[in-house]
There are 4 protein chains.
Amino acid sequence: MARPSNTEERRQQIVEGLLRVMAERGYERASIGEIAKAAGLSSGLVHYHFTDKQEILLTLVEQLAARARARVKVKLERVKGGARAQVEAFLEAFLATGEGADPASVAAWVTISAEAVRQPEVRAAYEKVVRADLEHLEELVGVVIGRRRAKAVAAGLFAAVQGYFVLAAAAPDVIPAGSAASTVKRMAAGLLDMAQSSEGA
Amino acid sequence: MARPSNTEERRQQIVEGLLRVMAERGYERASIGEIAKAAGLSSGLVHYHFTDKQEILLTLVEQLAARARARVKVKLERVKGGARAQVEAFLEAFLATGEGADPASVAAWVTISAEAVRQPEVRAAYEKVVRADLEHLEELVGVVIGRRRAKAVAAGLFAAVQGYFVLAAAAPDVIPAGSAASTVKRMAAGLLDMAQSSEGA
Amino acid sequence: MARPSNTEERRQQIVEGLLRVMAERGYERASIGEIAKAAGLSSGLVHYHFTDKQEILLTLVEQLAARARARVKVKLERVKGGARAQVEAFLEAFLATGEGADPASVAAWVTISAEAVRQPEVRAAYEKVVRADLEHLEELVGVVIGRRRAKAVAAGLFAAVQGYFVLAAAAPDVIPAGSAASTVKRMAAGLLDMAQSSEGA
Amino acid sequence: MARPSNTEERRQQIVEGLLRVMAERGYERASIGEIAKAAGLSSGLVHYHFTDKQEILLTLVEQLAARARARVKVKLERVKGGARAQVEAFLEAFLATGEGADPASVAAWVTISAEAVRQPEVRAAYEKVVRADLEHLEELVGVVIGRRRAKAVAAGLFAAVQGYFVLAAAAPDVIPAGSAASTVKRMAAGLLDMAQSSEGA
DNA sequence: TATGAATGAGGCTTCATTCAT
DNA sequence: CATGAATGAAGCCTCATTCAT
């Protein structure tokens, strides 16, 4: 009898709307009205499906993280080769094809990082995602060079990835096109070699 | 006959006010009122010394860049050692002492990156600073491994630095404390070694 | 399901509000707050229905012009008599009944003229209205004295009308009450006679 | 010993500044700062020589009136011919050379009319000027057609002049260039003829 | 579920005016 | 007389949020 719920579909539309608007206006200037328009909905409906703007942002954080995890999963499944190849696959999942996912998502992610600096809830969500990704990378690195040294190496590689995101979004003209993935992989190779050769120390 | 101009002093106060407020509120939420309060001035006076809010931000970008350049200069002057040591000194200038300069400046810089994503004027200023820093690093790297390979290597190291800034500001608990400078220096060593050993190729 | 749109009604209220406030404060000093109050609405709602203050003014220009056109139409329909009587009817439509429409509208129109001096959009709207009215009058005058001479005569009569508006609004005590319509009609008679008697020239 | 007062000179500069700024920004938007800049002075000095903005405006009204009176005087002194020629000379003094004085003054005068609609002090000054001019014209007209009929005729001709001012400032493209003076003189001729021919009535 | 009108707070900016020098 | 820094009050506009329908 009752109309079938389309809540999930609507929420999805709205989150996509935020992604699109945020990519070109930032979070603060992404008004509910704009988000609604981008989603093809009325502004009132946005508040029907989300309590407030921040909740949309938090949902977006989750979705971007989920998409990244999915890309990583696919890449890892396809890997032929040992532990080092897996580390490379992980990094590629973030940086391959241009400089990672689509430009809008990268821009949104950079914006989210900046919001995480001050909004506690955003920070918590951001931190959770970063922690998970980092632990995953750490695990892969750990197989090559051992747990002890993995933490710093993983953090360094992850930082490089995040840094490329920022530069790709904010100053795309100053970084050599298409060099991100290969350079980070080279960084990984160097760090892993170094750690292995000093293994006995 | 006239009151001596204190414009520069006032502008400085205001820029500092923005830095402080922005570090804990972000740019959009750093209202002129808050900035004025942080600077100990009236809000009207802010607009007497700056055309608009963005002009304060652009001035801050310049100042942060100038401070960074100064730190680099000092570090480079103190370097004993060859070209590799200079690359390390450059990286240290950005990352040493905690995770580079003071936390407020790092947070502000991350915020600026995010603003650069959409505000053309901010992007121009940001890009100019990044380009200059990057070219400097490239030059130092070039001495070790030659111009041709220097571009990608410098970009990678610079990205790592920027990434550490983001993580330090937005998710400080997930990166191993104090590992940034040493890890990036290790990255540099690896990349430089690799480039040198393949020199004949 | 949705609330029925009352936008047009609201816009009308707001335009009336501007008319009333502008008549006693002028345009610049007619704040959105005052306009809203005069319209019995909240100030936020004013900006919900109009992009900005100027759009309200432009809408008012249209409305005042439409009302004038309507008065002219009625007068012309009632005219018994030839072409000269039509010219007189046109002039009466603007000046009869006191010094034209209601005092508030006259005051508003004078204010609009002054705004037209500097605001390009207002000038465009004002010019369009004046041009249309003037062409209409020119046509009527043309029937009596021919196209060639009609332009200057129509402009002169129209200027007289506008001048009476200004004096009625800004210095009502210095012009003889109720003389406007009859004097302008006399001017018309004189100009038309003169043009006709020199016809062969 | 004391520095010779340059108050009058300064006041003059300031009034000219207002004239210039008002011509292109209107009265409300003619800020003290802009006026000062146009006058080549500091904004503080403006308030040293005038209590407030309105006082500058009132002074400007006086000056514009004085200049008009001077032009009228010159024209009348040069007149060869009778009373009718004097009426024409008066009208020419206002409208000759383009559409009266310089465009900036005309624009300023139109602005002043609009301000006179609501600011009592401005209205008083405006009215005083208009009354004086009108009485002068009335006197000249009276010589031709007698006191009784002069009032309305003078008012009509004066209204035409004011109307041409408005149109010249706000919609210059819609009135035939250079036709103002001759048309108004024709209006005068017509009105005077009519009044004389009905003299016995 | 859905719409879009409505509210009211808050932000940026302008500006007349004052005042220390 | 003169400067220009300083203040504080408005004003326009944006926007998250609420709510009647």
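In what follows, chains are A, B, ... by sequence order, proteins preceding strands, each numbered from 1.
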#### Entry: C/Val61 side chain near C/Lys128 side chain, heavy-atom distance below 4.5 Å
no
### Message
Is there a side-chain contact between A/Leu18 and A/Ile14 in this structure, where contact means two heavy atoms from C-beta onward sitting under 4.5 Å apart?
### Response
no
### Task
Could you go through the side chain to side chain contact (heavy atoms under 4.5 Å, CB included) check for A/Val106 and A/Val166 one step at a time?
CA-CA 8 Å; A/Val106 174; A/Val166 172; over 6 Å; no
### Message
What is the distance, to the nearest angstrom, from the CZ atom on B/Phe50 to the C1' atom on F/dA6?
### Response
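Between C1' of F/dA6 and CZ of B/Phe50: 16 Å.
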### Task
Could you tell me the separation between the CG atom of A/Asn6 and the P atom of E/dT3, rounded to a whole number of Å?
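Value for this atom pair: 10 Å.
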### Task
Give the B/S/- string for nucleotides 10-17 of chain E, one per nucleotide from 5' to 3', where a protein heavy atom under 4.0 Å of the base yields B, of only the sugar-phosphate yields S, and otherwise -.
-SSBBSSB
### Query
Closest to the C/Leu45 side chain: E/dA6, F/dA2, E/dT3?
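For the C/Leu45 side chain, the nearest candidate turns out to be E/dA6.
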With [X], which residues qualify under side-chain contact (heavy atoms from CB on, under 4.5 Å), at least two apart?
X: D/Ala38; result: D/Val21
X: A/Ala170; result: B/Ala116, B/Val117, B/Tyr126
X: D/Ala104; result: D/Ala23, D/Asp102
X: A/Ala124; result: none

### Task
Using the P atom as the reference point in each nucleotide, state the distance between F/dT21 and E/dT1 in Å, no decimals.
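Each nucleotide's P atom is 23 Å from the other's.
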### Query
Using a cut-off of less than 4.0 Å, is there contact between a side-chain N or O of B/His49 and OP1 or OP2 of F/dA6?
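Looking at the OP1 and OP2 atoms of F/dA6, one of them is under 4.0 Å from a side-chain N or O of B/His49.
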### Query
For E/dG4, does either OP1 or OP2 sit under 4.0 Å from a side-chain N or O belonging to C/Thr7?
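Looking at the OP1 and OP2 atoms of E/dG4, neither is under 4.0 Å from any side-chain N or O of C/Thr7.
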### For DNA chain E, the residues among residues 9-24 of chain C that have a non-hydrogen atom under 4.0 Å from it
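Contacting residues: C/Arg10.
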### Task
Could you pull out all residues at least two apart from B/Glu16 that satisfy salt bridge (Lys or Arg N to Asp or Glu O under 4.0 Å)?
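Applying salt bridge (Lys or Arg N to Asp or Glu O under 4.0 Å) to B/Glu16 gives B/Arg67.
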### Query
For residues 19-28 of chain A, which residue pairs qualify under side-chain hydrogen bond (donor to acceptor under 3.5 Å, both in side chains), counting only residues two or more places apart or in two chains?
A/Arg25-A/Glu34, A/Glu28-B/Arg29
### Message
Quick check: on DNA chain E, is the nucleotide nearest C/Gly40 upstream (toward 5') of the one nearest A/Leu41, or the reverse? Name the residue that is more 5'.
### Response
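Mapping each residue to its closest nucleotide by heavy atoms, the 5'-most match is A/Leu41.
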#### Entry: Range-with-range stems of DNA chain F (Watson-Crick or G-U pairs under 3.5 Å, three or more in a row)
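If one scans DNA chain F for consecutive Watson-Crick or G-U pairs, the stems found are E:2-21 with F:2-21.
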### Task
Quick one: which residue pairs count as a salt bridge (charged side-chain N to carboxylate O under 4.0 Å, His left out) with a foot in residues 37-63 of chain B, not counting sequence neighbours?
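Only B/Arg11-B/Glu55 qualify under salt bridge (charged side-chain N to carboxylate O under 4.0 Å, His left out).
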### Test side-chain hydrogen bond (donor to acceptor under 3.5 Å, both in side chains) applied to A/Gln13 - qualifying residues, sequence neighbours left out
A/Arg10
